[in-house]
Amino acid sequence: MPSQNSAPFFSRQQNAPVDRPFSVNGRFNRLSYIAWYGLLHFIFMTMLLLLSLILGIFNVNSLAFNANHFNALTSLAGLGYWAILLLYIYFNFVIIIRRLHDRNHSGWLCLLLFLPVVNFFFALYLLFVSGDPNDNRYGHPRPSSGIEKLIAWLLILVSLLSILAIGSAISYFIGTGELENPSEIIQQGTAYF
């Protein structure tokens, strides 16, 4: 049997490139971007909660922070928080860079996130503008996997339901007369502090 290298050029099997989601190489379409962004937030919030529980900063029984343990943030345990924060920032930029690659833009545009007001419109751009449907200089279009589609649509549904819930709660409180104006919301919300 002839080896792969001795086969004619057109009959050689091409190996599909392996897609590594946490690599800056490649592309993310909108659904993949939403799914990985939500998954990233879930993972890092879980890591922060676990570290807070281990250090005794957060109490599950009272659902409150223990002010006596906040000095842990400046000690050696604070390095754990800094490590989690730096990993979060790195992976957040990886996801944004891959989304920019889907639009055939350089990853350096992610620095727009550091500009006030511009970062809001840049985030909307990443979320709503469709990717390049053809091959571009960053590779082939990457289709979303089934689990990415499921996670993305669940996040979209939860986001829409929470916006509706917040709007209906504010409407209810204004309609019952419990809240007259925004200054009362601030006063009642900060009364416990």
Side-chain angles (χ1 to χ4, degrees), residues 16-52 58 65 73 78-171 182-183 185-186 189-190:
V18 177
D19 183 46
R20 293 181 178 85
F22 293 121
S23 167
V24 293
N25 299 324
R27 298 167 58 173
F28 271 162
N29 60 24
R30 284 180 287 192
L31 288 179
S32 297
Y33 171 72
I34 293 169
W36 282 102
Y37 201 74
L39 188 63
L40 176 77
H41 281 77
F42 176 76
I43 289 170
F44 282 94
M45 290 302 293
T46 303
M47 289 171 62
L48 284 174
L49 180 64
L50 289 175
L51 186 60
S52 297
F58 184 71
F65 288 98
L73 295 176
L79 290 176
Y81 284 105
W82 280 107
I84 290 172
L85 177 67
L86 291 176
L87 282 172
Y88 171 77
I89 291 170
Y90 170 75
F91 288 124
N92 196 12
F93 277 113
V94 166
I95 292 170
I96 291 170
I97 288 170
R98 288 186 67 138
R99 179 69 182 122
L100 285 168
H101 287 176
D102 193 45
R103 292 285 309 138
N104 204 18
H105 296 306
S106 171
W108 288 103
L109 282 178
C110 69
L111 296 177
L112 290 174
L113 291 171
F114 293 111
L115 298 174
V117 180
V118 173
N119 57 7
F120 174 74
F121 293 107
F122 181 66
L124 291 177
Y125 172 79
L126 291 174
L127 192 60
F128 291 115
V129 176
S130 63
D132 190 359
N134 302 319
D135 294 351
N136 63 23
R137 62 183 173 179
Y138 298 104
H140 304 291
R142 179 187 179 274
S144 298
S145 67
I147 192 75
E148 287 175 343
K149 289 178 183 177
L150 178 67
I151 292 171
W153 283 111
L154 283 175
L155 286 172
I156 292 168
L157 182 66
V158 166
S159 299
L160 291 175
L161 289 176
S162 42
I163 290 170
L164 289 173
I166 290 169
S168 63
I170 290 172
S171 173
S183 62
I185 296 172
I186 295 171
T190 58

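- Side-chain contact between P141 and N29 is absent, with no heavy-atom pair separated by less than 4.5 Å.
- A donor-acceptor pair under 3.5 Å is formed between the side chain of H101 and the backbone N or O of G26.
- Across all their heavy atoms, L51 and Y81 have their closest contact at CD2-N, 3.7 Å.
- A distance of 15.0 Å separates CZ of F120 from CG of L112, quoted to the nearest 0.5 Å.
- Residue Y125 holds its OH atom at 7.5 Å from CG of L100, rounded to the nearest 0.5 Å.
- Figure legend: R98 and F28 shown as a cation-pi pair, the cationic atom lying under 6.0 angstrom from the six-membered ring centre and within 45 degrees of its axis.
- Using modelled atom types, no side-chain atom of S171 and backbone atom of G167 make a donor-acceptor pair closer than 3.5 Å.
- The distance from atom CG of N119 to atom CG of L124, rounded to the nearest 0.5 Å, is 10.0 Å.
- Distance check, rounded to the nearest 0.5 Å: CZ of R30 to CZ of R99 gives 6.5 Å.
- Here CG of D102 is found 10.5 Å from CG of L126. Values are rounded to the nearest 0.5 Å.
- Using a 4.5 Å heavy-atom cutoff, the side chains of L85 and F44 are not in contact.
- H41 has its ring centre less than 6.0 Å from the ring centre of Y88.
- In terms of heavy atoms, V129 sits closest to R103 at CG1-NE, 3.3 Å.
- Atom CD1 of residue I95 and atom CD1 of residue I34 lie 12.0 Å apart, to the nearest 0.5 angstrom.
- Looking only at side-chain heavy atoms (C-beta outward), I96 and Y33 come within less than 4.5 Å of each other.
- Under the 3.5 Å distance criterion, the side-chain polar atoms of R27 are left unmatched by any main-chain donor or acceptor of Y138.
- Residue F93 comes nearest to C110 through the heavy atom pair CD2-SG, 3.5 Å, listed as atom of the first residue, atom of the second, then distance.
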Extract all donor-acceptor atom pairs below 3.5 Å that involve side chains of residues 146-162 and protein atoms in other chains or at least two apart in sequence.
from, atom 1, to, atom 2, distance (Å)
E148, OE1, S32, OG, 2.8
E148, OE1, R142, NH1, 3.1
E148, OE1, S145, N, 3.0
E148, OE2, W36, NE1, 2.5
E148, OE2, R142, NH1, 3.3
E148, OE2, R142, NH2, 2.8
S159, OG, L155, O, 2.8
S162, OG, V158, O, 2.8
S162, OG, S159, O, 2.9

